**Q** 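First, the structure itself, so that you have it in front of you.
Chain A is the first sequence line, chain B the second, and so forth, proteins listed ahead of strands; every chain is numbered from 1. These numbers come from a predicted model, not from an experiment. Quick note: numbers below take in every heavy atom, side chains included, and nothing from hydrogens, waters or symmetry partners.
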Amino acid sequence: MPAPVLRVDRATRRFGELVAVDGASLTLEAGAVSAIVGENGAGKSTLLKLCAGVLAPSSGRVLIGDADLAPATMAEASRRGVGLVHQHFMLVGAFRAIENVVLGAEPVRSGGRLDLATATARVRELMTASGLPVPLDAITDDLTVGERQRLEILRVLYRGARVLLLDEPTAVLSPLEAEELYGTLRRLAAEGRAVAVVTHRLDEVVRFADRVTVMRRGRVVHEAELRLEGGGRRPAAGLEEELTRAIMGGDPPPPFAPPAFAEGAAVALAVAGLRLGDGAGRTLLDGVDLEVRAGEIVGVAGVEGNGQRELVRALAGLEPRAEGTVTVAGQRLDPRARDAVRARRSVLAVVHEDRHEDGLMLEASVADNLVIGDLGDPRSIAFDEAAVVARRLGRFHVDPADPARLAGELSGGNQQKLVVARALDRLLSARATGAAVLAQPTRGVDVGAAAAIHAAIGEAAAAGLGVLVVSADLAELRRLAHRLVVMRRGRIVATLPPTASEAEIGRAMLGVEAA
Amino acid sequence: MSAVFSLTMVAETLRISAPYACAAAGGVWAERSGVIQIGLEGVLLTSAFTSVAVAHATGSAALGVVAGVIAGAAISVGHGLLVEKARVDAVVSGIALNLSAMAGTRLALRGLYGSASNSPAIEGFRFGPTGSAGWSLLARVFADPVTLLAIAAVVATPFVLARTRLGLRVRAAGENPVAAAAVGVDVTRVRLSALAISGAVCALGGVHLAFDQHRFESGMSNGRGFIALAAVVVSGWRAGRAAMACLAFGALEALQIVLQDQARKGSLGDLVQLLPYVATLLVLAFAAGRSAAPKGLGKPAEE
Ligand SMILES: Nc1ncnc2c1ncn2[C@@H]1O[C@H](COP(=O)(O)OP(=O)(O)OP(=O)(O)O)[C@@H](O)[C@H]1O
Ligand SMILES: [Mg+2]
């Protein structure tokens, strides 16, 4: 058995009253890919931060090799070969990719002049060796999410990491990109590194990890070897369920079944001829036509960057330059009309894909975040803020259900619940007719919470809303939707039943003709 | 008309632009690091006064320059400490800086020299030719150590920001402090360093103003810090462009002086004086909204 390269020994980390990591132990070995799973707020990110010296443990130890990580700082951990890729991108958008790689560990010539030529040469070598291509001279904001993810990993490798910690690296990736990423991670492990990956996607654990650690409320509650003696893998059968049980500490939720939907229902959301350019001659939306009927759940599939984001933004009224018509519950929504915002709000709920950028005020309280948008309405005189906040917290099991806490202090999954709660509850409680548009509703969300969000989506449809779900997770779409549409290059190129095979959907996404 | 395209014009432009350009370069240093700095005016004033007071007391112009630069850097770092450590609102701190510089220099004028309006004359740097037009004026401008230092600082700013480790970290701190901290950059320290440089560079402008007049006059910065700030914004926080904007502004002011000489007898003179300000307004009106501020401007160092 190879020697452990990193060991956490009964570490505890408190934030005031709250115990985020509670006497957890973890061993990472060279050559192995370890998965860490657990509910939102279970302490996974905090555990990784302890390993990488970003946070110091309140008690317990972190050992790298044979020696304690002391002082418990990022610089020391990095010097000793531990690198962390954070749950959210930590990249400077305005920088060229190569500048992001070197930031904090810059090679310099005399006078503190950056030596980007040397850095570029080294990073190119790393790219070929590790199979992580990134256009190094491109501006980071222009990179795809996949490229940004690779950039983050390159940056850690550039610092000579022997222990690679990745916090939900696949949350933003399409299934294909995720598979590629695991290929890379396996290769990096085979070269003698220790790799740890936090994820909510259990199928990834079953397929790619050598072992798995389950966390629950700060503690390690379950560990399993997935690589059998003699080289085989543990059979997948029953494994996902075993993990789900351990994660939730009880029975897994019943599988989602979309509510019955009557074909002849009224049209809830109609999009006709929606076009949008980026102002520099590039077409982002190229005439989108789409109908969602009351009670229907329509899934939008597509390779990321094919106009899904813009479609959602245009529906939300955030793209005033968009041409074409959007009609919700028989009411034409014109972003330029007076009162456009209120008109939209009363019939349409939108969840944006980037909860930090478009969904939340991280510096404001949970309560403020839950009711923003309901205030400033003449009817809001009778608006019982405390009651609404309590209802929204309860309905979506936000944890901790503390209205006074800052949104930025919640775990990622619970932040997502806030955004969904605000959007759906508004229409559901008002018994309004209309539509809900949700982009990546369960990105970074644990099994239990994902089930709760799916149930809420089902509830919304059953209540007569038309629901449009955009997701990079094909399995999720196939489970949720009555009908799938595939977007490519800013248009809808195919309509498929959810029973279509992943291969068939994948072909439509890539624009390859069926053989 | 030939007066407009003359060596005098070139020399005057350089002389007049120097304080603007230094203040703008100082503004770029501060704001690219993510710290809002509307106190450039106060930095100009404080450094101008300090340089004159020290030069007067010691009889050494060089010591005056050094003292002015140190004073500028010190109050700029003070602003940084208030904003980054004590979490004082940067606009409030900037206003306080401007007001106390205004009042403080006035008070010191009275206390030290018993005057409400100006200090006694200082020698400054006097060597090289002495003419006030043409070749000799240009030569005089280029033989002035303060002008040379100012030019060096302004020219070096974009280079240092773009090509050095310090510059990279300053830009990272200004664009995304959280991301910078995540890779081990000490954002607070970087910002304070940037503010020290900002203050020092801006101070060269203040020293230049005072040495150009060979004395300190109450309120002699006369809004230059704010015009420089406008240049920073209009240029989209890019040092090179901000310097060009200041040069253009200096050229208009020089033009106004030259034209005014010629139009002295007519009533045109007053109108001509408005020229640089009208130009600023026009540029602001057209450039507004098109520039991109650093994304982390005004954002605290920690999550
Ligand atoms: N800086 C902080 N201050 C206060 N509380 C925090 C802080 N960071 C995390 N917490 C709390 O600690 C707990 C564990 O958070 P952590 O981010 O480790 O969860 P996680 O398992 O990564 O969840 P997710 O899957 O949602 O990312 C949560 O309750 C969270 O609210
Ligand atoms: Mg996490």
**Q** Taking side chain as everything from C-beta outward and backbone as N, CA, C, O, which of these in A:Arg109 sits under 4.5 Å from a heavy atom of chain B? Side chain, backbone, both or neither.
**A** neither
**Q** Please classify the contact between A:Val54 and chain B as side chain, backbone, both or neither, with a heavy-atom cut-off of under 4.5 Å.
**A** neither
**Q** Do you know the tightest heavy-atom contact between B:Ala181 and A:Met74?
**A** O-CE, 3.1 Å
**Q** Show your working on side-chain contact (heavy atoms from CB on, under 4.5 Å) between B:Arg165 and A:Arg113 and close with a plain yes or no.
**A** CA-CA 6 Å; B:Arg165 167 162 58 192; A:Arg113 280 176 304 148; over 6 Å; no
**Q** Using a 6.0 Å cut-off, check whether atom CE of A:Met127 has over 12 heavy atoms from anything other than its own residue.
**A** yes
**Q** Would you say A:Arg148 has more than 12 foreign heavy atoms packed within less than 6.0 Å of its CZ?
**A** yes
**Q** Roughly how far, to the nearest 0.5 Å, is the CD atom of B:Glu175 from the CG atom of A:Leu91?
**A** 12.5 Å
**Q** For the atom pair CG (A:Asp115) and OG1 (B:Thr164), what is the distance rounded to the nearest 0.5 Å?
**A** 13.0 Å
**Q** Should we say atom CZ of B:Arg241 is surrounded by more than 12 heavy atoms from elsewhere, each under 6.0 Å from it?
**A** no
**Q** Is there a side-chain contact between B:Val183 and A:Arg155, using heavy atoms and a 4.5 Å cut-off?
**A** yes
**Q** Going through the checks in order, is the side-chain contact (heavy atoms from CB on, under 4.5 Å) test met by A:Val92 and B:Lys295?
**A** CA-CA 9 Å; A:Val92 179; B:Lys295 286 244 169 53; over 6 Å; no
**Q** Which atoms of A:Ala105 come close to chain B, meaning under 4.5 Å heavy atom to heavy atom: side chain ones, backbone ones, both, or neither?
**A** backbone
**Q** About how many Å separate CG of A:Leu103 and CG of B:Leu168, when rounded to the nearest 0.5 Å?
**A** 5.0 Å
**Q** Is B:Arg169 close to chain A through its backbone or its side chain, or both, or neither, when contacts mean heavy atoms under 4.5 Å?
**A** both
